[in-house]
Student: 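Here's a structure for you.
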Protein chains: 2
Amino acid sequence: MSQTQVHRLGDLQLQILKVLWQRGEASVAEVHEQLPGGADLAHTTIATMLRKMEARGLVTHRANGRTFIYRAAVAEDQVSQGMAEHVLDRLFEGRLADMVSHLLTAREVSRAELTRLEQLIAERKRQS
Amino acid sequence: MSQTQVHRLGDLQLQILKVLWQRGEASVAEVHEQLPGGADLAHTTIATMLRKMEARGLVTHRANGRTFIYRAAVAEDQVSQGMAEHVLDRLFEGRLADMVSHLLTAREVSRAELTRLEQLIAERKRQS
DNA sequence: GCGTTAGTACTACCTTGGTAGTTTGTTGTC
DNA sequence: GACAACAAACTACCAAGGTAGTACTAACGC
């Protein structure tokens with residue numbers, strides 16, 4: 001019984017989830033306001049999307065009077081990991097170093113970021 | 001003019017591309033054989049998918065008699081980077097360390113892999 | 001020559017993400 | 001009590017991924 005597939009989410013769904021993760025709960029109107037670039041979208045677009053997402057088990061809602069207050073039903077970590085692992089496995093056969101290598105050559109990474117990475121890896125090495 | 005969107009490919013498309021990258025060229029039947037789990041799919045499924053992919057600019061073909069020989073029209077690096085960057089940006093706001101951190105906690109990573117990562121980062125640091 | 005085989009082409013259907021208009025119902029206000 | 005405002009529900013479309021059956025056609029074997 002596949003527990004809500006979290007590795008294939010569209011950009012809009014992701015952005016909506018981000019708003020919910022950040023705020024805990026939000027009405028359709030609040031999601032709409034907080035959504036980056038949400039001004040371009042109709043109110044009903046957000047509402048429809050939220051209903052679809054609820055049908056897929058990504059969010060839940062409770063009623064507050066006639067207004068629905070939505071809440072994420074999947075954890076941020078669950079989604080982040082699900083999507084990141086999906087790409088890692090499908091594209092790089094699970095070889096993390098390959099993935100990082102691609103990303104390092106493809107973009108600017110600050111020195112601070114590199115240092116953080118070094119620390120992460122060193123720590124992980126110590127634990128194994 | 002958006003150059004073929006390479007960040008949103010389905011799993012089947014990806015697997016087909018992998019076969020083509022690996023072999024250079026392949027007929028529908030060859031792709032079908034090489035496809036992991038391809039035995040579950042109908043021949044026409046692969047053929048249809050290839051035609052759709054050609055329409056999207058992902059592959060091209062030449063005819064060899066009555067048989068079509070397909071070839072990838074997008075580079076592996078282009079796709080890998082496109083998809084990896086997409087996830088990195090959408091999910092982790094571009095913070096590579098966050099992404100790696102998630103991946104490191106979510107799965108087993110061999111010591112050899114960790115060492116390779118260290119080397120990559122050290123090298124990158126030297127260049128900056 | 002004729003039938004079998006092995007290709008592609010065409011068509012069709014389902015799902016999901018994305019987008020939004022229209023309808024219906026509730027609520028609060030004058 | 002009538003009406004305006006607003007929220008959700010319903011309906012509708014489009015694009016794309018995925019899947020495959022059916023139709024057409026060229027080649028090959030006998």
Side-chain angles (χ1 to χ4, degrees), chain A residues 2 4-19 25-33 35-71 74 79 82-83 86-87 90, chain B residues 2 4-19 25-33 35-71 74 79 82-83 86-87 90:
Chain A
S2 74
T4 314
Q5 305 296 348
V6 287
H7 55 73
R8 184 148 229 146
L9 296 181
D11 288 347
L12 179 59
Q13 297 188 341
L14 215 30
Q15 300 210 296
I16 288 175
L17 282 174
K18 286 199 173 205
V19 172
E25 296 190 317
S27 66
V28 175
E30 283 165 351
V31 170
H32 194 188
E33 278 164 26
L35 209 62
D40 301 335
L41 295 175
H43 176 85
T44 52
T45 297
I46 314 295
T48 302
M49 200 66 234
L50 278 164
R51 236 173 312 110
K52 286 188 177 186
M53 287 168 79
E54 184 158 34
R56 297 205 39 132
L58 296 170
V59 302
T60 57
H61 82 273
R62 66 181 176 84
N64 179 22
R66 65 216 137 103
T67 305
F68 281 12
I69 308 291
Y70 284 93
R71 171 178 285 280
V74 288
V79 172
M83 294 185 71
H86 190 247
V87 169
R90 300 289 156 156
Chain B
S2 75
T4 315
Q5 303 298 346
V6 286
H7 55 75
R8 184 150 230 142
L9 296 180
D11 288 347
L12 178 58
Q13 297 188 341
L14 216 30
Q15 301 210 297
I16 288 175
L17 282 175
K18 285 198 174 205
V19 173
E25 298 188 315
S27 66
V28 175
E30 283 164 350
V31 170
H32 193 189
E33 278 163 28
L35 211 60
D40 300 335
L41 295 174
H43 177 86
T44 52
T45 298
I46 313 295
T48 303
M49 199 67 235
L50 278 165
R51 234 170 315 108
K52 286 189 177 187
M53 287 169 79
E54 183 159 34
R56 301 206 37 134
L58 296 170
V59 302
T60 57
H61 83 271
R62 66 182 176 84
N64 180 23
R66 66 219 134 102
T67 305
F68 281 12
I69 308 291
Y70 285 91
R71 171 180 285 281
V74 287
V79 172
M83 293 186 72
H86 190 248
V87 169
R90 299 289 155 156

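Below, read A as the first sequence line, B as the second, and so on, with proteins coming before strands; counting in each chain starts at 1. Predicted, not measured: the structure shown is a model, and the values here were computed from it.
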Student: Could you check which of D:dC6, C:dT16, C:dG7 has an atom nearest any side-chain atom of B:T67?
Tutor: C:dG7
Student: As a test of reading the structure: which of D:dA9, C:dG17, C:dA20 is closest to the side chain of A:Q13, going by heavy atoms?
Tutor: C:dG17
Student: Please verify the inter-ring angle class for B:H61 with B:Y70; under 30° counts as parallel, over 60° as perpendicular, anything in between as tilted.
Tutor: tilted
Student: As a test of reading the structure: which of D:dA20, C:dA20, C:dA6 is closest to the side chain of A:A42, going by heavy atoms?
Tutor: C:dA20
Student: Can any side-chain N or O of B:T45 pair as donor or acceptor with the backbone N or O of B:L41 at less than 3.5 Å?
Tutor: no
Student: Using heavy atoms to find the nearest nucleotide of DNA chain D for A:R8 and A:K52 separately, return the residue whose nucleotide is more 5′.
Tutor: A:K52
Student: Among C:dT19, C:dT27, D:dA20, find the nucleotide with the atom closest to the side chain of A:T45.
Tutor: C:dT19
Student: Main chain of B:E30, side chain of B:E33: is a donor-acceptor contact present, judged purely on distance under 3.5 Å?
Tutor: no
Student: Between the base of C:dA20 and the side chain of A:T48, is there a donor and acceptor pair under 3.5 angstrom?
Tutor: yes
Student: Find which nucleotide of DNA chain C each of A:L14 and B:A47 is nearest to by heavy atoms, and output the residue with the more 5' nucleotide.
Tutor: B:A47
Student: Would you say a side-chain N or O of B:H43 is under 4.0 Å from OP1 or OP2 of C:dT8?
Tutor: yes
Student: Would you mind telling me which of D:dC6, C:dG18, D:dT19 lies closest to the side-chain atoms of A:L12?
Tutor: C:dG18
Student: To the nearest 0.5 Å, what is the distance between NE2 (A:H7) and CE (A:M83)?
Tutor: 9.5 Å
Student: As a test of reading the structure: which of C:dG17, D:dT19, D:dG21 is closest to the side chain of A:R56, going by heavy atoms?
Tutor: C:dG17
Student: Between D:dA7, C:dA20, D:dG18, which nucleotide gets closest to the side-chain atoms of B:M49?
Tutor: D:dG18
Student: For DNA chain C, whose closest nucleotide is more 5', that of A:D11 or that of A:G65?
Tutor: A:D11
Student: Using only side-chain N and O atoms of A:R51, determine if any of them is under 4.0 Å from OP1 or OP2 of D:dA9.
Tutor: yes
